[in-house]
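For ligands, and for the atoms within them, numbers begin at 1 and follow the listed sequence.
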Amino acid sequence: MTQILLIEDEPLISAFIAKGLKAAGFGCAVGSTGQAGLATARSSQIDLIILDVGLPDMSGLDVLAHLRGEGFTTPVIILTARSSAQDTVAGLVGGADDYMGKPFSFDELLARVRLRLRSHRTAAPGALVHDDISLDLLTRRVHVAGREQDLSAREFALLETFLRHPGQVLSREQLLSAVMGFRFRSRFQHCRRLRSLLASKDRP
Ligand code: CA
């Protein structure tokens with residue numbers, strides 16, 4: 001699962017962003033100080049960092065300087081107050097890949113997250129492909145017969161499990177572990193919807 005580290009000290013903002021990222025199928029770790037964020041970045045496999053500039057113990061720009069100084073090439077999107085063009089410029093000069101001015105819409109942030117993951121993924125083994133179905137594990141996008149399909153996080157998890165076991169009959173336990181925590185009835189609704197999607201008209 002693609003892991004995003006959010007370094008943000010305001011609990012309402014971090015809860016809002018983390019909830020949205022999880023709903024979009026990403027893993028999300030939160031650090032509420034610069035030091036906590038750096039510790040997580042150093043100890044975990046992180047695919048992208050969303051970094052607030054105004055942190056209680058140090059500036060987000062200093063966090064960025066530490067990361068780049070230590071050789072981390074992880075994409076970083078900085079969050080700045082709308083008015084603070086200086087922070088934005090300093091962030092980009094300091095090695096940020098993108099920025100968002102606060103307040104922002106979550107959809108826009110999500111679009112930037114996907115864009116940055118996609119441009120960074122050159123070396124990453126991020127795709128599962130079977131016939132004309134392709135699933136990008138980093139950007140959480142699915143194409144069937146060349147068309148992008150909009151899947152929920154649960155459907156994505158199920159499809160990922162199917163594509164990791166091509167041609168196999170999967171046990172109930174395997175499907176359960178793929179969608180752990182999802183309600184029993186909805187799992188089968190998702191299976192049904194996936195089945196009809198994958199059997200859509202344009203396929204041979
Ligand atoms: Ca802040």
Notebook entry, point to check: Distance-only, no hydrogens or angles: does the Ser44 side chain make a donor-acceptor pair with backbone N or O of Ala41 under 3.5 Å?
Noted result: no

Margin query: Strictly under 3.0 Å, is the Ca ion (ligand 1) approached by any N, O or S atom of Gly54?
Written below: yes

Next item on the list: Report the C-alpha distance between His66 and Phe72 in whole Å, list the side-chain angles of each, state the deciding distance to 0.1 Å, and finish with yes or no for side-chain contact (heavy atoms from CB on, under 4.5 Å).
Entry: CA-CA 9 Å; His66 275 283; Phe72 285 94; over 6 Å; no

Next item on the list: Please check if the side chain of Ser59 supplies one atom and the backbone of Leu55 the other of a donor-acceptor pair under 3.5 Å.
Entry: no

Next item on the list: Please check if the side chain of Glu108 supplies one atom and the backbone of Ser105 the other of a donor-acceptor pair under 3.5 Å.
Entry: no

Notebook entry, point to check: Which atom, counting only N, O or S, brings Asp9 closest to the Ca ion (ligand 1)?
Noted result: OD1

Check: Taking 3.0 Å as the cut-off, does an N/O/S atom of Asp52 lie below it from the Ca ion (ligand 1)?
Finding: yes

